[in-house]
Amino acid sequence: MHIGCGPLFAVCWPLYATASPWSPFLAAAVPFLASVKFALVANNTIPDLLGLVPGITRSGQRQELLQGPFIYGIVHAAVAVLCWRQPAAIIAIATLCGGDGLAEVVGASVTSSKLPWNRNKSIAGSLACFVGATVLGTAMLGHFINCNGLLVSPKVGASLSSHMWQKVALCALLGTLVESLPLPIDGGDNVTVPISVLLASRAILGA
């Protein structure tokens, strides 16, 4: 879920009406309503008919839905509304999903040395985060460029294709460093990673 849902959500953005001011809100409703459902299941307000608790939590506890999964949906909704069809939004989602998501998988399955500043993170996981974010970010940004799906000025649009993967890699590197930091809240990197990449993308790409 962590790796696949975000990119699938984002690559559908060009399907929404470009001229409609409601498009980002309609798109954002999908992850937002998913987060609402996570909250309702976590609080035992509605039954877990889809098996969300065993399927997307690590501990098997309902309350965990209010941490990473809930934040994940809210962040995607916020990125869609605030940075609709902007390069920064594409790279932020790619880093959160292809980077942070892949880091969790690789870090848990590949034995490697731990990071000196965070013993819960490994070198293999951080390397996977950087590579995954760079590859997915470049691929997604290329998709948006090819289908004219970005809402940017002609000047910015013309500059995006120049050294694109290197620019994405710089953003991914910052996202990887932020992902590696110890945080007091489980799932907090679902917030810190996209925010840092959004800011880096604005500075590096100008959009």
Undergrad: Please round to the nearest 0.5 Å and tell me the distance separating atom CH2 of W117 and atom CG of L181.
TA: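 Reported value, rounded in 0.5 Å steps: 8.5 Å.
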Undergrad: Going by heavy atoms in the side chains, are C171 and T95 under 4.5 Å from each other?
TA: no
Undergrad: Quick one: are the ring centres of Y16 and W84 less than 6.0 Å apart?
TA: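 Ring centroids of Y16 and W84 are less than 6.0 Å from each other.
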Undergrad: Could you tell me whether the side chain of R62 and the main chain of V41 form a donor-acceptor pair under 3.5 Å?
TA: yes
Undergrad: Within the side chain of S122, is there an N or O that forms a donor-acceptor pair under 3.5 Å with the backbone of S113?
TA: no
Undergrad: Kindly compute the distance separating CG (L177) from SG (C129), expressed to the nearest 0.5 Å.
TA: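 These two atoms lie 9.0 Å from each other.
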Undergrad: Is any side-chain heavy atom of L40 closer than 4.5 Å to a side-chain heavy atom of V36?
TA: yes
Undergrad: Checking the side chain of D189 only, and the main-chain atoms of E179 only, is there a donor and an acceptor separated by less than 3.5 Å?
TA: no
Undergrad: Has the side chain of N190 got a donor or acceptor atom that lies under 3.5 Å from a matching backbone atom of G68?
TA: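 Between the backbone of G68 and the side chain of N190 there is a qualifying donor-acceptor contact (under 3.5 Å).
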Undergrad: Indicate if L199 and L96 have the same hydrophobic cluster label, given that clusters are the connected sets of ILVMFWY residues with side-chain heavy-atom separations under 4.5 angstrom.
TA: yes
Undergrad: Under the salt bridge (charged side-chain N to carboxylate O under 4.0 Å, His left out) rule, collect the residues that match up with E64, sequence neighbours excluded.
TA: none
Undergrad: Cluster question for you: counting only ILVMFWY and a side-chain heavy-atom cut-off of under 4.5 Å, with indirect links fine, are V168 and I204 together?
TA: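 Yes; tracing contacts between hydrophobic side chains, which count when under 4.5 Å, links both residues.
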Undergrad: Is N43 reaching over with its side chain to a backbone N or O of T45, donor-acceptor style, under 3.5 angstrom?
TA: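 Checking the backbone N and O of T45 against the side chain of N43, no donor-acceptor pair under 3.5 Å is found.
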Undergrad: Are V81 and W22 connected in the hydrophobic side-chain network, where two residues link if heavy atoms are under 4.5 Å apart?
TA: yes
Undergrad: Checking Q61 against V53 for the side chain to side chain contact (heavy atoms under 4.5 Å, CB included) test, could you report, in this order, the C-alpha distance in whole Å, the side-chain angles of both residues, the deciding distance, and whether it holds?
TA: CA-CA 7 Å; Q61 301 296 318; V53 175; 5.9 Å; no
Undergrad: Do the rings of H76 and Y72 sit parallel, tilted or perpendicular, given the 30° and 60° boundaries?
TA: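 If you compare the ring of H76 with that of Y72, the planes turn out tilted.
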Undergrad: Is P182 close to N120 at the side-chain level, that is, under 4.5 Å between some pair of heavy atoms?
TA: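 SC-SC contact between N120 and P182 ruled out.
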Undergrad: Which atoms form the tightest heavy-atom contact between A28 and A80, and what is the distance?
TA: CB-CB, 4.1 Å
Undergrad: On a heavy-atom basis, which atom in A42 and which in Q63 lie closest, and how many Å separate them?
TA: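 For A42 and Q63, the tightest heavy-atom pair comes out as O-NE2, 2.8 Å.
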Undergrad: Search all heavy atoms of W13 against all heavy atoms of C83 and return the closest pair with its distance.
TA: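 Shortest heavy-atom separation between W13 and C83 comes out as CZ3-O, 4.3 Å.
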Undergrad: Drop me the distance from F38's CZ to D48's CG, to the nearest 0.5 angstrom.
TA: 10.0 Å
Undergrad: Got V191 and V75 here, is their nearest side-chain heavy-atom distance under 4.5 Å?
TA: yes
Undergrad: Under a 4.5 Å side-chain heavy-atom rule over Ile, Leu, Val, Met, Phe, Trp and Tyr, are I195 and I93 clustered together?
TA: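 The answer is yes; both residues are in one hydrophobic cluster.
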Undergrad: How long is the gap from OG on S201 to CD1 on I91, to the nearest 0.5 Å?
TA: 4.0 Å
Undergrad: Where is the tightest heavy-atom contact between L174 and A200, given as atom of each residue plus distance?
TA: CD2-CB, 3.5 Å
Undergrad: Counting only pairs under 3.5 Å, give me each side-chain donor-acceptor contact of residues 131-151, with atom names and distances, residues two or more places apart or in other chains.
TA:
{"residue": "T134", "atom": "OG1", "partner": "F130", "partner atom": "O", "Å": "2.8"}
{"residue": "T138", "atom": "OG1", "partner": "T134", "partner atom": "O", "Å": "2.7"}
{"residue": "N146", "atom": "ND2", "partner": "G142", "partner atom": "O", "Å": "3.1"}

Undergrad: Is there a side chain to side chain contact (heavy atoms under 4.5 Å, CB included) between I46 and K37? Walk through the geometry before answering.
TA: CA-CA 8 Å; I46 61 175; K37 184 166 186 176; 4.1 Å; yes
Undergrad: Step by step, would you call L65 with I56 a side chain to side chain contact (heavy atoms under 4.5 Å, CB included)?
TA: CA-CA 8 Å; L65 290 173; I56 64 176; 3.6 Å; yes
Undergrad: As an exercise, state the distance from OG1 of T57 to CG of L66, rounded to the nearest 0.5 Å.
TA: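 That separation rounds to 11.5 Å.
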Undergrad: Quick one: pull up CD in Q86 and CG in L205 and give me the separation to the nearest 0.5 Å.
TA: 10.5 Å
Undergrad: Determine yes or no for a side-chain-to-main-chain donor-acceptor pair under 3.5 angstrom, with K167 supplying the side chain and S162 the backbone.
TA: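 Confirmed, K167 side chain pairs with S162 backbone.
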Undergrad: Does the side chain of T176 come within less than 4.5 Å of S126's, by heavy atoms?
TA: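 A side-chain contact exists here, since the closest heavy-atom pair is under 4.5 Å.
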Undergrad: Treat each ILVMFWY residue as a node, draw an edge where side-chain heavy atoms are under 4.5 Å apart, and state whether M164 and L170 are in one component.
TA: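 Yes: a chain of side-chain contacts under 4.5 Å links M164 to L170.
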Undergrad: Apply side chain to side chain contact (heavy atoms under 4.5 Å, CB included) to residues E104 and I3 and explain how you reach the verdict.
TA: CA-CA 10 Å; E104 182 178 347; I3 297 176; over 6 Å; no
